Engineer: 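I am attaching a structure below and will ask some questions about it afterwards.
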Amino acid sequence: VALAAMPSFAGTDLPLSLRAFTRSYPNIHVEVHDVVAERVIEMVQQGKVEIGIAFESGSAEDLEFAPLFEDDFIAVLPPDHPHAGRAEITWASLLTTDFITLQRPSSVRLMLEQKLASAGLAWRLAFEAHQLITVGRMVATGLGVGAVPGLCRRQMEEVGAVCVPLIEPGISRRVGIFTRRRHRLSAAAAGMRDVILARHATAAGHRSEHSGTADE
């Protein structure tokens with residue numbers, strides 16, 4: 001079974017689902033393509049993979065989308081940034097520093113530009129990169145600040161950047177599974193999709209239980 005996943009998911013959540021899948025389907029070879037979100041959708045549409053995992057896209061009418069979770073964007077700061085120790089940071093505070101983001105036509109960049117414009121905010125662009133991990137490395141060396149999906153937190157921290165929750169406005173995107181609308185999945189691909197959905201449904205249930213306990 002072949003699947004494509006954006007690197008932020010492939011390097012964090014996916015291995016746990018793969019472990020569960022191989023326990024239930026021990027004789028199935030799995031081929032993983034970790035590519036940018038736009039390429040994930042293209043590979044599913046072209047039939048190069050049966051399953052894709054990426055941010056929700058409103059333009060993929062020929063695809064089915066099964067949501068997994070909502071991913072909040074976080075600020076990425078150099079270790080010596082004055083706000084690095086804060087519990088949260090506003091976009092207005094973040095954007096007072098040179099900004100580093102993905103190159104166009106990245107859907108992440110376009111979405112952030114639109115959300116910030118609607119809030120009357122804009123960044124002072126200093127550097128652009130093709131991969132989020134490169135953005136993280138640039139930030140860690142003090143070239144500026146950035147904003148990335150929460151999925152990237154571990155990767156950002158591994159390269160030396162500091163991650164802080166972003167507010168005012170809070171920005172998030174849904175992550176989910178893409179499949180072709182009019183094509184039946186192979187048994188292996190259907191099994192993979194079900195394992196990923198089940199694992200995230202269980203994780204969401206645990207989060208709800210903990211939240212309920214805290215509220216009480």
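Note: hydrogens, waters and symmetry copies are ignored here, and every other heavy atom, side chains too, is used. Note that the coordinates shown come from a computational prediction; the quantities given were computed from them, not determined experimentally.
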Engineer: How many angstroms lie between atom CE of Met156 and atom SG of Cys163, to the nearest 0.5 angstrom?
Structural biologist: 7.0 Å

Engineer: Between Ile28 and Ala188, which heavy-atom pair has the shortest distance, and what is it?
Structural biologist: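 So the two residues come closest at CG2-CB, 4.0 Å.
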
Engineer: Roughly how far, to the nearest 0.5 Å, is CG of Leu68 from CZ of Phe9?
Structural biologist: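 If I round to the nearest 0.5 Å, the distance is 5.5 Å.
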
Engineer: Please report the shortest heavy-atom distance between Ala5 and Leu14, naming the atom on each side.
Structural biologist: CB-CD2, 4.2 Å

Engineer: Tell me, which pairs form a ring pair (Phe, Tyr, Trp, His ring centres under 6.0 Å) where one or both residues lie in residues 22-43, sequence neighbours left out?
Structural biologist: Phe21-Tyr25

Engineer: Kindly work out whether a path of hydrophobic side-chain contacts (I/L/V/M/F/W/Y, heavy atoms less than 4.5 Å apart) joins Leu16 to Leu3.
Structural biologist: no

Engineer: With the 4.5 Å side-chain cut-off for hydrophobic clustering, are Leu63 and Val36 part of the same group?
Structural biologist: no

Engineer: Please examine the side chains of Glu56 and Pro67, heavy atoms only from C-beta on, and report whether any two atoms are closer than 4.5 Å.
Structural biologist: no

Engineer: Are Ile41 and Phe65 close enough, and set up right, to give a side chain to side chain contact (heavy atoms under 4.5 Å, CB included), and what steps lead you there?
Structural biologist: CA-CA 11 Å; Ile41 294 173; Phe65 178 79; over 6 Å; no

Engineer: In this structure, would Leu116 and Leu110 fall into the same cluster of hydrophobic residues linked by side-chain contacts under 4.5 Å?
Structural biologist: no

Engineer: Any pair with a residue in residues 32-47 that passes salt bridge (Lys or Arg N to Asp or Glu O under 4.0 Å), sequence neighbours left out, goes on the list, sorted by first then second residue, please.
Structural biologist: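 Of all non-adjacent pairs touching residues 32-47, those that pass salt bridge (Lys or Arg N to Asp or Glu O under 4.0 Å) are Arg39-Glu42.
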
Engineer: Working to the nearest 0.5 Å, report the span between CZ of Arg181 and CD of Gln45.
Structural biologist: 11.0 Å

Engineer: Check residues 135-149 and write down every donor-acceptor pair under 3.5 Å in which the side-chain atom is one partner and the other belongs to a residue at least two apart or another chain.
Structural biologist:
from, atom 1, to, atom 2, distance (Å)
Thr141, OG1, Arg137, O, 3.4
Thr141, OG1, Met138, O, 2.8

Engineer: Within the structure provided, determine whether His200 and Val175 are in side-chain contact (heavy-atom separation under 4.5 Å).
Structural biologist: no

Engineer: Do any pairs count as a salt bridge (Lys or Arg N to Asp or Glu O under 4.0 Å) and have a residue in residues 93-118, sequence neighbours left out, and if so which ones?
Structural biologist: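 Residue pairs passing salt bridge (Lys or Arg N to Asp or Glu O under 4.0 Å), neighbours aside: Asp98-Arg124, Arg104-Glu113, Arg109-Glu113, Arg109-Glu128.
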
Engineer: Going through the distances and angles, do Leu197 and Ile177 end up as a side chain to side chain contact (heavy atoms under 4.5 Å, CB included)?
Structural biologist: CA-CA 8 Å; Leu197 287 170; Ile177 299 175; 3.9 Å; yes

Engineer: Taking side chain as C-beta onward, heavy atoms only, is Phe178 less than 4.5 Å from Val49?
Structural biologist: no

Engineer: Would Val1 and Leu185 show up in the same hydrophobic cluster when neighbours are defined by side-chain heavy atoms closer than 4.5 Å?
Structural biologist: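 No, Val1 does not connect to Leu185 through the hydrophobic network.
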
Engineer: Taking Glu88 for the side chain and Ile167 for the main chain, is one N or O donor matched with an acceptor at less than 3.5 Å?
Structural biologist: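 Flag not set: sc Glu88 to bb Ile167 has no pair under 3.5 Å.
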
Engineer: Could you pull out all residues at least two apart from Thr22 that satisfy side-chain hydrogen bond (donor to acceptor under 3.5 Å, both in side chains)?
Structural biologist: none

Engineer: Heavy atoms only: give me the nearest Pro7-Gln155 pair and the separation to one decimal.
Structural biologist: O-NE2, 4.0 Å

Engineer: Are Pro169 and Leu121 side-chain neighbours, meaning at least one heavy-atom pair lies under 4.5 Å?
Structural biologist: yes

Engineer: With Ser24, which residues qualify under side-chain hydrogen bond (donor to acceptor under 3.5 Å, both in side chains), at least two apart?
Structural biologist: none

Engineer: Using the salt bridge (Lys or Arg N to Asp or Glu O under 4.0 Å) rule, collect all pairs that involve residues 9-33, keeping only residues at least two apart or in two chains.
Structural biologist: Asp13-Arg199

Engineer: Between Arg180 and Val44, is there a side-chain heavy-atom distance shorter than 4.5 Å?
Structural biologist: yes

Engineer: Once you round to the nearest 0.5 Å, how far does CG of Leu132 lie from OG1 of Thr134?
Structural biologist: 8.5 Å

Engineer: Roughly how far apart are Ser17 OG and Arg193 CZ, rounded to 0.5 Å?
Structural biologist: 14.0 Å

Engineer: Holding to side-chain hydrogen bond (donor to acceptor under 3.5 Å, both in side chains), I want the full list of residues that pass it with Gln103, two or more places apart in sequence or in another chain.
Structural biologist: none

Engineer: Is there a donor-acceptor pair closer than 3.5 Å between any side-chain N or O of Asp72 and the backbone N or O of Gly150?
Structural biologist: no

Engineer: Check Val40 against Met6 and note the closest heavy-atom contact, atom names and distance.
Structural biologist: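 The pair with the smallest heavy-atom distance is CG2-N, 3.6 Å.
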
Engineer: Residues in side-chain hydrogen bond (donor to acceptor under 3.5 Å, both in side chains) with Arg173, at least two apart?
Structural biologist: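 Arg173 satisfies side-chain hydrogen bond (donor to acceptor under 3.5 Å, both in side chains) with Ser107 once adjacent residues are dropped.
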
Engineer: Table please: side-chain donor-acceptor pairs of residues 73-85 below 3.5 Å, with sequence neighbours left out.
Structural biologist:
from, atom 1, to, atom 2, distance (Å)
His81, ND1, His83, N, 3.0
His83, ND1, Arg86, NE, 3.1
His83, ND1, Arg86, NH2, 3.4

Engineer: Can you list every ring pair (Phe, Tyr, Trp, His ring centres under 6.0 Å) pair that touches residues 119-156, not counting sequence neighbours?
Structural biologist: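 Every ring pair (Phe, Tyr, Trp, His ring centres under 6.0 Å) pair that includes a residue of residues 119-156, provided the two are not neighbours, is Phe99-Trp123.
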
Engineer: If a pair satisfies salt bridge (Lys or Arg N to Asp or Glu O under 4.0 Å) and one of its residues is in residues 141-165, list it, with sequence neighbours excluded.
Structural biologist: Arg153-Glu157

Engineer: Any chance you could measure Asp62, atom CG, to Thr179, atom OG1, to the nearest 0.5 Å?
Structural biologist: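 One finds 10.5 Å between CG of Asp62 and OG1 of Thr179.
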
